[in-house]
Protein chains: 2
Amino acid sequence: MQMGEGVEWGLHCLVALAWLDDHAPVATGRLAEIFDLPPEYLKKRLQPLVRTGILTSTPGARGGYSLARRPEEITLMDVVAAVEGRDEAFRCTEIRQQGAGTLAAPTEFGDACGVARAMRRAETAWRRELAAQTVADVMGMAPPGAPVRMRRFYQDITL
Amino acid sequence: MQMGEGVEWGLHCLVALAWLDDHAPVATGRLAEIFDLPPEYLKKRLQPLVRTGILTSTPGARGGYSLARRPEEITLMDVVAAVEGRDEAFRCTEIRQQGAGTLAAPTEFGDACGVARAMRRAETAWRRELAAQTVADVMGMAPPGAPVRMRRFYQDITL
DNA sequence: GCGCGATTACTCGGATACGAAATGTCCGAGTGGATCTGG
DNA sequence: CCAGATCCACTCGGACATTTCGTATCCGAGTAATCGCGC
């Protein structure tokens, strides 16, 4: 089980956009320079964030991406759901109904099987923790010098 | 982010082995019949459980797999770690040190970055829930008729 | 009838193909500013 | 010198290759029961 790099990239970009909040869109090329990432691929990874309403995209010259809402209102759950999809990591294929299960009364399958329930319970805890943390919280964990350094860096590459 | 089917198969097989606990090994072919799964592929999926000491394999005729320890002592965390690997789903690639981060003092990177800490916190909650549940707990969630039906089915296919 | 050995059938384990999904790249649609022209 | 229209550079969005990982299959090593043979 492996999570794609889109979540890491997306979260860092969201934090960066929040820090250099000059109300002007930031192009993917600039964001890619900030983290030294492949620009075209980063763009592809940010598009899901636009579809789900986390980012706002401005086409045309001087265009780019902006935060669609305040950092305190963007949870990590939102970002993970947007990038990695909404369906659960563990998907129950109901193999209990196969083989030996074909002999059981259908009423036995009224509630979800124990395996799925146990896995879902763990995954719910994961989602709960993700939903409890916002981009603003992540910003608060950064060292104090990081925001100003980011603004300076951005000014340098936009010259 | 998608979890492989090995976890589901492995857990169901562990429960089945615990139910028909006649202290005799069960071959993968029989386990595959119980859940109507591809036998060869199921075998490949159970091998990690042997390597990590959850299952015991008996080679030769009348061989097969047996539980290496009691169901109460097999946590879901053990199974997930064995099948899906031990490394975390979210892997921090330290992109904060790239680009704009190259200008920062190395002392700023003493503790993990906020993104990684936030994701790790959620994943820890997930692992904690997995470690808190055992195969025995999953067995307890099954309908009462399931164990006897499984034993009957196994007797029929071993004739 | 009984003990011993070779044979045989059955099992796990790892090495080998196949397919799907993630990764990475490209071109087209659209927008805003800059430039050029005419008054 | 100024207003307007045109042109151009820059951006996002989705369609198109490439690589990696998960899925599926096969063959070889090893074991235990079975069968046959000799005593």
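Just so it is clear, the structure is predicted and the values come from calculations on it, not from any experiment. Both backbone and side-chain heavy atoms feed into the values below; hydrogens, waters and symmetry mates do not. Throughout, a chain's letter reflects where its sequence line sits, starting with A, and its residues are numbered from 1.
Nearest to the side chain of B/Val50, among C/dG13, C/dC12, D/dG13, sits C/dG13. Residue B/Lys44 has its side chain nearest to C/dA15 when only D/dC12, C/dA15, D/dT31 are considered. Listed candidates were C/dG33, D/dA24, D/dC12. Nearest to the side chain of B/Trp9 is D/dA24. Nearest nucleotide to the B/Glu40 side chain, out of C/dC12, D/dC26, D/dT23: D/dC26. Listed nucleotides C/dT25, D/dT23, C/dC12 differ in distance to A/Tyr41; the shortest reach to its side chain belongs to C/dT25. Considering only the side chain of B/Pro38, D/dT25 comes nearest among D/dG13, C/dG33, D/dT25.
OP1 or OP2 of C/dC12 has at least one side-chain nitrogen or oxygen of B/Thr28 nearer than 4.0 Å. In terms of phosphate contacts, A/Ser57 brings no side-chain nitrogen or oxygen within less than 4.0 Å of OP1 or OP2 of D/dT11. Distances shorter than 4.0 Å separate none of the side-chain N or O atoms of B/Arg51 from OP1 or OP2 on C/dG13.
The distance from atom CG of B/Leu55 to atom C1' of C/dT11 is 15 Å, rounded to the nearest whole Å. Look at CG on A/Leu49: it is 14 Å from C1' on D/dC12, rounded to the nearest Å. Nucleotide C/dT11 holds its P atom 9 Å from the CZ atom of B/Arg62, rounded to whole Å. At whole-Å resolution of the value, CG in A/Leu46 and P in C/dG24 are 14 Å apart. At whole-Å resolution of the value, CG in B/Leu42 and P in C/dC12 are 10 Å apart. For the pair A/Glu84 CD and C/dA21 P, the computed distance is 14 Å after rounding to whole Å. For the pair B/Arg45 CZ and C/dC12 P, the computed distance is 17 Å after rounding to whole Å.
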Distances for protein N or O near nucleotides 6-8 of chain D N or O, under 3.5 Å:
none

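Residues B/Val138 and A/Phe109 do not share a hydrophobic cluster, defined by chaining ILVMFWY side chains whose heavy atoms lie under 4.5 Å apart. Cluster membership for B/Met139 and B/Met141, using ILVMFWY side-chain heavy atoms within less than 4.5 angstrom, is not shared.
Contact annotation: side chain of B/Lys43 to base of C/dG13, donor-acceptor pair present below 3.5 Å. Checked by distance alone, B/Gln47 brings no side-chain donor or acceptor within 3.5 Å of a matching partner on the base of C/dC12.
The residues A/Glu123 and A/Arg120 are annotated as not salt-bridged, no charged nitrogen and carboxylate oxygen being separated by less than 4.0 angstrom. Between B/Glu108 and A/Arg149 there is a salt bridge, with a side-chain nitrogen of the basic residue lying less than 4.0 Å from a carboxylate oxygen of the acidic one. Under the 4.0 Å criterion applied to side-chain N and carboxylate O atoms, B/Arg96 and B/Glu94 are assigned as salt-bridge partners.
A side-chain N or O of A/Glu8 and one of B/Thr93 form a donor-acceptor pair less than 3.5 Å apart. When only modelled atom types and interatomic distance are considered, B/Glu73 and B/Thr134 share no side-chain donor-acceptor pair under 3.5 Å.
Nearer to the 5' terminus of DNA chain D, by closest-nucleotide assignment, is the contact made by A/Thr58 (compared with the other of A/Thr58 and B/Ala61). Residue order along DNA chain D, read from the 5' end via each residue's closest nucleotide, puts A/Gly63 first among A/Met1 and A/Gly63.
Note on A/Gln2: nothing from the nucleic acid sits closer than 4.0 angstrom, heavy atoms only. Heavy atoms of A/Gly60 sit under 4.0 angstrom from at least one base atom.
In this view, B/Arg45 and B/Tyr41 satisfy the side-chain hydrogen bond (donor to acceptor under 3.5 Å, both in side chains) rule, not counting sequence neighbours.
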